[in-house]
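Report on the following structure.
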Amino acid sequence: ERGSVVRSAVRAEDGWVVVELSNDGPPIAPEALGRVFEPFFTTKPAEEGTGLGLAICRRIVREHGGDVEVASGAEGTTFTIRLPAAADPARS
């Protein structure tokens, strides 16, 4: 049995920095997909997780003017993080 492959990509897009993190593992169940960013929501047993990780990540990204989205299907799951691109201080 092989493990899941994780890929990352970063690109500039219309004034944003876009970071994509993808895997080719099993998809997130449709009933859970809309809840993954909720504090304390987890599909893991109680002793394995608190359900805070993604909620904290989304809060931090939003505090910096960005957002996080998730898409999941038969090909795997992708989290997309969008952050505003910083102005280049060398050009000021």
- request: Output, in order, the C-alpha distance, side-chain angles, deciding distance and verdict of side-chain contact (heavy atoms from CB on, under 4.5 Å) for Ile56 and Leu54.
  value: CA-CA 5 Å; Ile56 291 169; Leu54 289 173; over 6 Å; no
- prompt: Roughly how far apart are Glu48 CD and Thr43 OG1, rounded to 0.5 Å?
  reply: 9.5 Å
- prompt: What distance do Ser8 atom OG and Asn23 atom CG have between them, rounded to the nearest 0.5 Å?
  reply: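 Output value for this atom pair is 12.5 Å.
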So, do [X] and [Y] sit near enough that their side-chain heavy atoms are less than 4.5 Å apart?
X	Y	answer
Thr80	Val18	yes
Val70	Ile28	yes
Val17	Val10	yes

- prompt: Any sub-3.5 Å donor-acceptor pair from Ser22's side-chain atoms to Thr78's backbone N or O?
  reply: no
field: Qualifying residue, where the test is side-chain contact (heavy atoms from CB on, under 4.5 Å) with Asp24 and the options are Val5, Thr77, Val6
entry: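 The passing option is Val5.
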message: Check this for me, if you would: do Arg58 and Asp67 make a salt bridge, where the nitrogen-to-carboxylate-oxygen distance has to be below 4.0 angstrom?
response: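 A salt bridge is present here (some side-chain N lies under 4.0 Å from a carboxylate O).
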query: Does a side-chain N-to-carboxylate-O contact under 4.0 Å join Glu20 and Arg7?
result: no
For [X] and [Y], work out which heavy atoms get closest and say how close.
X	Y	answer
Thr42	Gly49	CG2-O, 4.3 Å
Arg82	Trp16	C-CE3, 3.9 Å
Gly66	Pro84	N-CD, 4.0 Å
Ser72	Pro27	OG-CA, 3.2 Å
Val68	Phe79	CG1-CD2, 4.3 Å
Ala55	Phe37	CB-O, 3.3 Å

- request: Could I get the full list of salt bridge (charged side-chain N to carboxylate O under 4.0 Å, His left out) partners for Glu63, not counting sequence neighbours?
  value: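 Only Arg59 meet the salt bridge (charged side-chain N to carboxylate O under 4.0 Å, His left out) criterion with Glu63.
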